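The shown structure was predicted, so the numbers you read here are calculated from the model rather than taken from an experiment. These values consider heavy atoms only, across backbone and side chains, with no hydrogens, waters or symmetry-generated copies.
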Amino acid sequence: MKIDLSGKLAVISGSSTGIGLAIAEGLAKAGASVTITGRKENQLFEAVELIQSSAPQVEVKSVTADLATLEGVEILTQSTPETDILINNLGIYDFKSFGEYTDEEWEKYFQVNIMTGVRLTRYYLPKMLEKNWGRIVFISSESALKVPPDMIPYAMTKTAQLTIARGLAESVAGTGITVNSVMPGPTRSQGLIERFQKRAEQEGKTLEEIEREFMAKERPDSLIKRLLNPEEIASLVTYLCSEQSSGTTGAPLRVEGGLINTIA
């Protein structure tokens, strides 16, 4: 199967590193022009160079903005007024007990992980409807269904994304637009690796030892027994953005290494 996204434009929120960057690179390799976003110009510059080196035939644009704010969304939408593909990837997480999360932190999770996707979809969806073609993907998490006790606010937002994606898919039934959500498992992203490195230094262990301990103690149900690579999530997302995926919509799709041990 050859996925060809030539002539398509993709907007990926939170895409200067990690899963978002891998998705942007995957879409670009398939021929889509991409707009990546983030708050740090230096990271965006490096990300553009990386994508351009692997997909020199496509246009790669970066927009520096805080998409958790109305002002940031306006900066992006003015710079890129329409898109064929929207990847709602931006998200934050932490590991703390329930009682440690403040009201302000709960509100921040809501604004960053939920409202960013809501606002971007609200803006871009009408333009997709005019063309009768579009792909919207929410990057959720296995935590949406298998809630870690030290990530409850994060998990709450990821469950909400499943609901939003399904409702949106219902709202565009019978059109050329699909809306899906993807549930990655623990992934070898920059943020998680930095946490592991800090812990390795504190405990006098190697990064590999910390990763094995995390999977054994915190995610023992994993069938692959390792962290996922961002590219493994990007492969599924690239397919969902293709013409070949036109029969898949309203679905929460798993790429979590078998952590969720239920059939449905």
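The hydrophobic clustering, which links ILVMFWY residues whose side-chain heavy atoms are closer than 4.5 Å, places Ile12 and Val118 apart. Under a hydrophobic clustering in which Ile, Leu, Val, Met, Phe, Trp and Tyr are joined whenever their side-chain heavy atoms come within less than 4.5 Å, directly or via other members, Val182 and Leu27 fall into the same cluster. Placement of Ile92 and Leu67 within a single hydrophobic cluster is found when ILVMFWY residues are connected by side-chain heavy-atom separations under 4.5 Å, directly or transitively. The cluster map of Ile, Leu, Val, Met, Phe, Trp and Tyr, joined by side-chain heavy atoms under 4.5 Å apart, puts Ile233 and Met151 in different clusters. The hydrophobic cluster containing Tyr123 also contains Val63, counting ILVMFWY residues as joined when their side-chain heavy atoms lie under 4.5 angstrom apart, directly or transitively.
Of the possible donor and acceptor atoms, none in the side chain of Thr187 sits under 3.5 Å from a partner among the backbone N and O of Ser189. Under a 3.5 Å cut-off, the side chain of Thr64 and the backbone N or O of Arg39 do not form any donor-acceptor pair. A side-chain donor-acceptor contact under 3.5 Å links Thr77 to the backbone of Glu74. Judged purely by atom type and a 3.5 angstrom limit, Gln244 uses its side chain to pair as donor or acceptor with the backbone of Lys2. Put simply, the side chain of Ser222 never gets that close to the backbone of Arg219: no donor and acceptor are under 3.5 Å apart. Side chain of Thr159 to backbone of Ala155: a donor-acceptor contact under 3.5 angstrom is found. For Asp4 (side chain) and Ser6 (main-chain N/O), a donor-acceptor pair under 3.5 Å exists by modelled atom type. No donor-acceptor pair under 3.5 Å is formed between the side chain of Thr83 and the backbone N or O of Leu86. Formation of a donor-acceptor pair under 3.5 Å by the Gln52 side chain with backbone atoms of Val58 is found in this model. Here the side chain of Asp66 pairs no donor or acceptor atom with the backbone of Gly72 at under 3.5 angstrom.
We find the CG-CG distance between Leu223 and Leu259 to be 7.5 Å, quoted to the nearest 0.5 Å. Atoms OH and CG, from Tyr124 and Asp84 in turn, are 11.0 Å apart once rounded to the nearest 0.5 Å. In this structure, OG in Ser141 is found 8.5 Å from CD1 in Ile19, a value given to the nearest 0.5 Å. Atom OG1 of Thr248 sits about 9.0 Å away from atom CZ of Arg135, to the nearest 0.5 Å. The CD1 atom of Ile114 sits 12.0 Å away from the CG atom of Leu90 when rounded to the nearest 0.5 Å. For the atom pair CD1 (Ile87) and CD1 (Ile36), the distance works out to 14.0 Å, reported to the nearest 0.5 Å.
In this structure, the side chains of Ile3 and Glu243 stay at 4.5 Å or more apart for every pair of heavy atoms. With a 4.5 Å cut-off on side-chain heavy atoms, Glu213 and Lys205 count as touching. The side-chain heavy atoms of Glu82 and Val11, taken from C-beta on, include no pair separated by under 4.5 Å. Inter-residue side-chain proximity for Glu209 and Arg212 is flagged as met; some heavy-atom pair is nearer than 4.5 Å. For the pair Thr116 and Gln111, the minimum side-chain heavy-atom distance is 4.5 Å or more. Ser62 places none of its side-chain heavy atoms less than 4.5 Å from the side chain of Phe45. Between Asn113 and Tyr154 the shortest side-chain heavy-atom distance falls below 4.5 Å. Under the 4.5 Å side-chain criterion, counting only non-hydrogen atoms from C-beta, Lys158 is not in contact with Phe138.
In plain terms, the two heavy atoms of Leu228 and Gly257 that are nearest each other are CD1-N, 4.3 Å. Closest of all the heavy-atom pairs between Glu25 and Leu50 is OE1-CD2, 4.1 Å. In this structure, Leu70 and Arg119 approach most closely via the heavy-atom pair CD2-NE, 3.4 Å. Gln161 and Asn88 get closest at one heavy-atom pair: NE2-O, 4.5 Å. In this structure, Ile260 and Met183 approach most closely via the heavy-atom pair CD1-CE, 4.4 Å. Of all heavy-atom pairs between Gln43 and Ser16, the closest is OE1-OG, 3.4 Å.
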Could you walk me through whether Val60 and Ser33 pass the side chain to side chain contact (heavy atoms under 4.5 Å, CB included) check?
-> CA-CA 6 Å; Val60 182; Ser33 296; over 6 Å; no
Tell me, with the steps shown, if Glu211 and Arg195 meet salt bridge (charged side-chain N to carboxylate O under 4.0 Å, His left out).
-> CA-CA 10 Å; Glu211 178 178 331; Arg195 288 175 181 271; over 6 Å; no
Would Thr178 and Leu240 satisfy side chain to side chain contact (heavy atoms under 4.5 Å, CB included), going step by step from the backbone distance to the final call?
-> CA-CA 9 Å; Thr178 67; Leu240 288 175; over 6 Å; no
For Phe196 and Leu227, run side chain to side chain contact (heavy atoms under 4.5 Å, CB included): C-alpha distance rounded to whole Å, both residues' side-chain angles, the deciding distance at 0.1 Å, then the answer.
-> CA-CA 12 Å; Phe196 283 3; Leu227 295 176; 3.9 Å; yes
Derivation of the side chain to side chain contact (heavy atoms under 4.5 Å, CB included) call for Ile136 and Met128 | CA-CA 10 Å; Ile136 300 172; Met128 293 180 180; 3.8 Å; yes
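A salt bridge does not link Asp94 with Lys108: every distance from a Lys NZ or Arg NE/NH1/NH2 to an Asp or Glu carboxylate oxygen is 4.0 Å or more. Checked for salt-bridge contact, Lys96 and Glu105 meet the test: a charged N lies under 4.0 Å from a carboxylate O. Taking 4.0 Å as the cut-off between side-chain N and carboxylate O, Glu203 and Arg199 count as a salt-bridged pair.
Heavy-atom neighbours of Lys40 NZ from other residues, nucleotides or ligands within 6.0 Å: at or below the threshold of 12.
In summary, the side chains of Gln197 and Glu201 do not present any donor paired with an acceptor at a separation below 3.5 Å, with no hydrogens or angles considered. Side-chain contact of Glu100 with Ser97: a donor-acceptor pair under 3.5 Å is present, judged by distance alone.
With Ile85 as the fixed residue, the side-chain contact (heavy atoms from CB on, under 4.5 Å) test singles out one of Leu5, Leu9, Val237: Leu5.
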